[in-house]
Amino acid sequence: VGALTSAILVVNNLRDIPTDAAAGKRTLAVRLGRRATEREYALLLAVAFAIPAGLFAAEGRVSILLPLLVAPIALPLLRTVRTFGDPRRLNAVLKGTARLVLVYGVLFATGLAIAAPNQRELLQFGPERRCRVRRRLLRRHTMRDRVRISLHRHGARLGGRRRPNL
């Protein structure tokens with residue numbers, strides 16, 4: 001979603017290259033030029049569509065591919081960016097890219113929600129947090145075992161009395 005949102009800004013800057021250059025503004029689009037900015041837009045679209053494919057390759061859940069359904073919306077936008085003559089034609093691309101972000105985001109969120117086997121998975125923390133919690137639980141368990149063993153050993157030595165299991 002972030003790449004597509006950035007694509008909106010790129011189209012806006014691409015549209016404004018002639019006026020920004022005339023006003024002396026040094027935006028990234030002015031510095032890169034028209035062709036490189038067009039490539040930047042294409043790259044951002046490619047990144048946005050590569051992420052669900054990569055997640056599918058890692059997770060293997062088909063619902064993660066739902067955002068790829070909006071590719072037919074993206075292709076005409078990309079074609080217009082590559083072939084526009086009048087910068088005013090990019091106003092429609094701005095509107096279309098915003099629509100693309102909305103539909104892509106909804107489909108991506110839906111695909112992720114469907115891919116999660118239960119709702120608890122959606123609420124879990126990142127992997128580093130889960131590892132810390134898991135380690136803490138293991139540490140607690142081993143400490144309990146150590147106390148049991150220690151009480152058992154000392155109880156056998158202290159007058160032959162055995163302490164009850166915890």
Side-chain angles (χ1 to χ4, degrees), residues 1-23 25-141:
V1 176
L4 292 177
T5 304
S6 296
I8 293 173
L9 299 173
V10 169
V11 171
N12 186 48
N13 286 337
L14 181 63
R15 181 193 64 189
D16 295 339
I17 285 177
T19 57
D20 286 349
K25 293 181 183 176
R26 303 280 298 160
T27 63
L28 183 62
V30 170
R31 291 178 184 194
L32 291 177
R34 178 179 165 173
R35 292 290 168 209
T37 306
E38 290 170 6
R39 286 189 205 108
E40 181 185 8
Y41 181 79
L43 178 68
L44 289 169
L45 291 182
V47 165
F49 288 109
I51 287 178
L55 287 174
F56 172 72
E59 296 287 326
R61 296 184 178 151
V62 180
S63 64
I64 293 176
L65 296 176
L66 275 176
L68 299 181
L69 293 174
V70 297
I73 297 172
L75 292 175
L77 298 173
L78 185 59
R79 193 174 309 117
T80 303
V81 165
R82 290 190 173 209
T83 61
F84 79 97
D86 183 19
R88 287 180 289 180
R89 287 190 60 206
L90 293 178
N91 289 333
V93 175
L94 271 170
K95 182 178 175 182
T97 306
R99 187 178 305 126
L100 178 68
V101 171
L102 175 67
V103 176
Y104 179 95
V106 167
L107 289 176
F108 196 41
T110 303
L112 288 174
I114 292 170
N118 59 32
Q119 295 301 317
R120 289 181 67 199
E121 258 189 56
L122 293 174
L123 302 174
Q124 285 180 344
F125 297 102
E128 64 282 342
R129 169 76 176 160
R130 275 180 273 172
C131 288
R132 261 188 276 140
V133 169
R134 207 174 292 133
R135 264 188 259 127
R136 192 179 318 127
L137 289 173
L138 287 174
R139 199 177 312 128
R140 225 180 262 157
H141 179 71

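Just so you know, these numbers come straight off a predicted model, no measurement behind them.
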Within the distance-only criterion (no hydrogens, no angle test), does the side chain of Thr97 pair as donor or acceptor with the backbone N or O of Ile8 below 3.5 angstrom?
no
Quick check against the 3.5 Å criterion: does Arg15 have a side-chain atom that pairs as donor or acceptor with the backbone of Leu90?
no
Can you name the residues that form a side-chain hydrogen bond (donor to acceptor under 3.5 Å, both in side chains) with Glu40, not counting sequence neighbours?
none
To the nearest 0.5 Å, atom CZ of Arg61 lies from atom CG of Leu55 at 11.0 Å
Test side chain to side chain contact (heavy atoms under 4.5 Å, CB included) on Leu100 and Leu4; report intermediate values, then the result.
CA-CA 8 Å; Leu100 178 68; Leu4 292 177; 3.9 Å; yes
Can you list the residues that meet the ring pair (Phe, Tyr, Trp, His ring centres under 6.0 Å) rule with Tyr104, with sequence neighbours excluded?
Phe49, Phe108
According to side-chain contact (heavy atoms from CB on, under 4.5 Å), who are the partners of Ser6, at least two apart in sequence or on a separate chain?
Leu44
Taking every heavy atom of Arg31 against every heavy atom of Arg26, the minimum-distance pair comes out as NE-O, 3.3 Å
Just jot down the side-chain contact (heavy atoms from CB on, under 4.5 Å) partners of Leu69, sequence neighbours excluded, or say none.
Leu66, Leu107
Minimal heavy-atom distance between Ala53 and Leu65, with the atoms involved, is CA-CD2, 4.1 Å
Quick check for you: to the nearest 0.5 Å, what is the distance between Ile51 atom CD1 and Ile64 atom CD1?
12.0 Å
Could you give the side-chain donor-acceptor pairs of residues 70-86 under 3.5 Å, partners two or more places apart or in another chain?
from, atom 1, to, atom 2, distance (Å)
Thr80, OG1, Pro76, O, 2.9
Thr83, OG1, Arg79, O, 2.8
Asp86, OD2, Arg88, NE, 3.0
Asp86, OD2, Arg88, NH2, 3.2

Step by step, work out the side chain to side chain contact (heavy atoms under 4.5 Å, CB included) result for Thr27 and Asp16.
CA-CA 9 Å; Thr27 63; Asp16 295 339; over 6 Å; no
Go through the structure and list residues passing side-chain hydrogen bond (donor to acceptor under 3.5 Å, both in side chains) with Asp20, not counting sequence neighbours.
none
